[in-house]
Amino acid sequence: MLKVLKNAELFAPEYLGKKDLLIASEKIVEISETITINGCKALEIVDAKNFILVPGFIDSHAHIIGGGGEGGFDSRIPEIDIAQIIESGVTTVVGCLGTDGFTRCLKSLVAKAKGLSKQGVNTKVFTGSYQVPVKTITDSIENDLILIDPVIGVGEIALADHRSSAPTINELSKIAAAARVGGMISGKCGIVNIHLGQGTHSIDMLLEVVNSSMIPVTQFLPTHANRSEQVFEQCVKFCHQGGYIDFTASTGSISASKALYLALKDGLNNKKLTFSSDAQGSLPVFDKNGKCISVTVASIKSLHSEFKNAVLKYDISLDNALRAITSNPATILGLQHTGKIALNHYADILLLDKDSLDICAVMSKGKWLKSI
Ligand code: ZN
């Protein structure tokens, strides 16, 4: 089946102008001023002249089997539904366990990932758990990466948080080393996704691992970097030293869009910054004694909302805002042939309204999941 999308304004994420796009099966096979195909019956032509065409969003941190539980068993968050992912324009999602790595398990996570992939959304997972020593599916992080297809890294591992297991530098170094070797052998990124808690020493811990081992700073993707002003400041320092940082779209005392604005203003590399949703994670509110007093649910929709805020409220260029949820996570997570509008890349595509940036159509690997 061939599809031609005509006359769309293309952002790859960089602006490519008004172009036609030819899609054959799962991939983009031609991008040019005008594409004309005659005499082909298996051809769908879509006039996209009223839309902006962008890569499908990549969400690098979502609790796809549900997170939470900090408020007791009745505060467990349900697993995500495919419709929520599609409505949010996400065509690639990475699932992880959360605070409760005891009653939730990695086998369920992998099964859910396989289910979502079958339903049309490319889904990967992180092995490991919030607490250390990390849970694994096989006997080791290395073997999980090497032998289990959807596993691309380890995380989220909690640091500087009252819910963490207070891992030591030595424990963190061993996790990062295992992820690195497992990633090298399997040809995957082997990234270590770090949950940054309220404490301000977590970035210092990561830098100590880097300084005391030969592990590069890019082995880590710390998330919740916009949790507080203090954590944000630490993350700016980390990024200036070459590290990646991820802003959580669903929460944080600084919004993800504002954090991106401040980071770019500070001169941070626009290829090192990402947004993720923390979808289906719990957003617990603790009183001054550390007692959980309420729990709300983080939504995958926040990724798109914060992208819109970045452009419409903070005047960040469309390509820079897109990078945080398309090409940057694709590169950091080692995801091949996605996150960009380019030849031989998967046709993971969104059509957005030119003014509101609302999502009008979603295509994943050449198939419409939501059509205009
Ligand atoms: Zn977290």
Side-chain angles (χ1 to χ4, degrees), residues 58-71 75-80 93-106 109 124-132 134-135 152-167 172 175-176 179 191-203 205-206 220-228 230-232 234-235 238 243-256 259 273-286 290 292 294-300 302-303 306 329 332-333:
I58 297 174
D59 188 349
S60 63
H61 186 106
H63 301 284
I64 57 175
I65 57 168
E70 290 101 321
S75 68
R76 287 159 64 86
I77 311 293
E79 64 178 52
I80 202 163
V93 62
V94 184
C96 56
L97 295 180
T99 314
D100 178 4
F102 307 97
T103 72
R104 315 262 189 192
C105 82
L106 289 165
L109 190 68
K124 304 292 181 187
V125 303
F126 294 137
T127 187
S129 49
Y130 207 80
Q131 287 84 13
V132 170
V134 293
K135 304 281 165 52
I152 59 167
V154 186
E156 64 177 316
I157 292 159
L159 297 186
D161 193 297
H162 61 103
R163 296 163 291 177
S164 86
S165 55
L172 261 184
I175 290 167
I191 202 94
V192 183
N193 191 222
I194 296 289
H195 161 106
L196 302 171
Q198 284 291 349
T200 51
H201 56 283
S202 47
I203 289 294
M205 288 180 74
L206 296 184
F220 297 101
L221 177 60
T223 186
H224 315 322
N226 53 322
R227 171 186 291 282
S228 67
Q230 294 84 346
V231 171
F232 177 75
Q234 293 291 308
C235 288
F238 186 72
Y244 305 126
I245 49 176
D246 181 60
F247 302 124
T248 301
S250 57
T251 184
S253 68
I254 308 173
S255 67
L273 309 168
T274 64
F275 285 3
S276 64
S277 72
D278 205 11
Q280 306 305 102
S282 65
L283 304 175
V285 179
F286 296 96
C292 178
S294 68
V295 176
T296 54
V297 181
S299 170
I300 194 164
S302 60
L303 201 69
E306 281 304 295
I332 294 165
L333 300 174

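Just follow the structure's listing: the first ligand is 1, and inside any ligand the first atom is 1.
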**Study point:** Matching residue for Thr248 among Glu306, Arg227, His224 - test: side chain to side chain contact (heavy atoms under 4.5 Å, CB included)
**Key:** His224
Check your understanding: Are the side chain of Asp100 and the backbone N or O of Thr103 linked by a donor-acceptor pair below 3.5 Å?
Key -> yes
**Study point:** Contact check: His61 to the Zn ion (ligand 1), N/O/S below 2.8 Å
**Key:** no
Review point. When the ring centroid of His195 is compared with that of His61, is the distance short of 6.0 Å?
Key: no
Check your understanding: Passes side-chain hydrogen bond (donor to acceptor under 3.5 Å, both in side chains), Ser276 versus Asp246? Steps please.
Key -> CA-CA 7 Å; Ser276 64; Asp246 181 60; 2.5 Å; yes
Review point. Which N, O or S atom name in Glu156 marks its closest approach to the Zn ion (ligand 1)?
Key: OE1
Point to revise | Atom name of the N, O or S atom in His195 that lies nearest to the Zn ion (ligand 1) | key: ND1
